[in-house]
Amino acid sequence: MALLYPDAHCELDFTDPLELLVATILSAQCTDKRVNKVTPTLFARYRDAADYAGADRAELEKIIHSTGFYRAKANSIIGLGQRLCAEHDGEVPGRLDDLVRLPGVGRKTANVVLGNAFGVPGITVDTHFGRLVRRFKMTDATDPVKVEHEIAALFPAGDWTMLSHRLVWHGRRVCHARRPACGACGVAKLCPSYGEGPVEPETAEALVRPGPFS
DNA sequence: ATCCCGAGGG
DNA sequence: CCCTCTGGAT
């Protein structure tokens, strides 16, 4: 597949596994700009897993407050530090099984870390990606695992980490949730949702209508 | 299925 | 004012 947006990039450009992991936890239900605003302070204050493990809860919450869900995120991050120290020698594990068991780390976060910090090609299905896929009717599934399999079948030997970045970017900047910019979309003509305005995945017709990949 | 939570856009 | 934001845990 042609690269639709050559300038697509990951705003959270961290190569350090721990920083990337923490930043990704913060990014839950939160825009990247707001995450980027707190990470300099955060990473200056806490440098390794032990720092997070022994963090003062109130202080940590204050630093990450503006990212929303600060209580749950602080819990996750402190618990994360403790678990890394107790079970992983203070290092971020590079295996999916281990990552997903960490507090505050789900499938999406784990895949981001694997792909970007460990170079493991993986598909990252997030809210943007999911919406885009449903609109494009690559699948009618909301199950991330099923979506990942569909994507894998469409792009067999590609760089899935970069592919995820590009499609996430596309979902964010073009295929908006509320009012998609179909005029700026390179694949609008291939999209079954195009021409009838915004079509939400819940609309049964959109799921039944034949598409280019069905 | 529901909760967690603040910020920014239309 | 209402919706959405690179989710995860219960």
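Protein chains get the first letters and strands the later ones, always in sequence-line order, with residue 1 at the start of each.
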Do side-chain atoms of [X] reach the backbone of [Y] as a donor and acceptor pair under 3.5 angstrom?
X      : Y      : result
A:R34  : A:S66  : yes
A:R172 : A:H128 : no
A:R173 : A:V168 : no

Quickly work out the [X] [atom1] to [N] [atom2] distance and round it to whole Å.
X      : N     : atom1 : atom2 : result
A:D32  : B:dG8 : CG    : C1'   : 12 Å
A:H176 : B:dG8 : NE2   : C1'   : 14 Å
A:R172 : B:dG9 : CZ    : P     : 12 Å

Every protein N/O lying under 3.5 Å from an N/O of nucleotides 4-7 of chain B:
{"from": "B:dC5", "atom 1": "OP1", "to": "A:R71", "atom 2": "N", "distance (Å)": "3.2"}
{"from": "B:dC5", "atom 1": "OP1", "to": "A:A72", "atom 2": "N", "distance (Å)": "3.4"}
{"from": "B:dC5", "atom 1": "OP2", "to": "A:R71", "atom 2": "NH1", "distance (Å)": "3.1"}
{"from": "B:dC5", "atom 1": "O4'", "to": "A:F69", "atom 2": "N", "distance (Å)": "3.4"}
{"from": "B:dG6", "atom 1": "N2", "to": "A:R34", "atom 2": "NH1", "distance (Å)": "2.4"}
{"from": "B:dG6", "atom 1": "N2", "to": "A:R34", "atom 2": "NH2", "distance (Å)": "2.5"}
{"from": "B:dG6", "atom 1": "N3", "to": "A:R34", "atom 2": "NH2", "distance (Å)": "2.9"}

Inset, instruction - Select one nucleotide: of C:dG7, C:dT4, C:dT6, the one nearest the side-chain heavy atoms of A:A28. - result: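 Shortest atom-to-atom distance from the side chain points to C:dG7.
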Legend entry - Nearest-nucleotide pick for A:R131, side chain only, options being C:dC5, C:dT6, C:dG8: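 The answer is C:dC5, which lies nearest to the side chain.
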Inset, instruction - Map A:K33 and A:V105 onto DNA chain C by nearest heavy atom, then report which one ends up closer to the 5' terminus. - result: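 Whichever sits nearer the 5' end wins; that is A:K33.
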Legend entry - Residue whose nearest DNA chain C nucleotide is more 5′ - A:P103 or A:H128: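 Checking each residue's closest nucleotide, the 5'-ward one belongs to A:H128.
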Inset, instruction - Give A:L102 one of three labels, base, sugar-phosphate or nothing, depending on what nucleic acid heavy atoms sit under 4.0 Å from its own. - result: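 Since only primed, P, OP1 and OP2 atoms lie under 4.0 Å of A:L102, the category is sugar-phosphate.
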Legend entry - Interatomic distance at P, B:dG10 relative to C:dT6, whole Å: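 The same atom, P, in both gives a distance of 14 Å.
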Legend entry - Pairwise distance SG(A:C185) to CZ(A:F136) - rounded to 0.5 angstrom: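 Taking SG in A:C185 and CZ in A:F136, the distance rounds to 7.0 Å.
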Legend entry - From CD1 (A:I77) to CG (A:L21), nearest 0.5 Å: 8.5 Å
Inset, instruction - Quick one: do A:E87 and A:R101 satisfy salt bridge (Lys or Arg N to Asp or Glu O under 4.0 Å)? Show the steps, please. - result: CA-CA 11 Å; A:E87 301 177 15; A:R101 290 202 170 88; over 6 Å; no
Legend entry - Phosphate OP1/OP2 of C:dG8: any A:T109 side-chain N/O under 4.0 Å: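 Yes.
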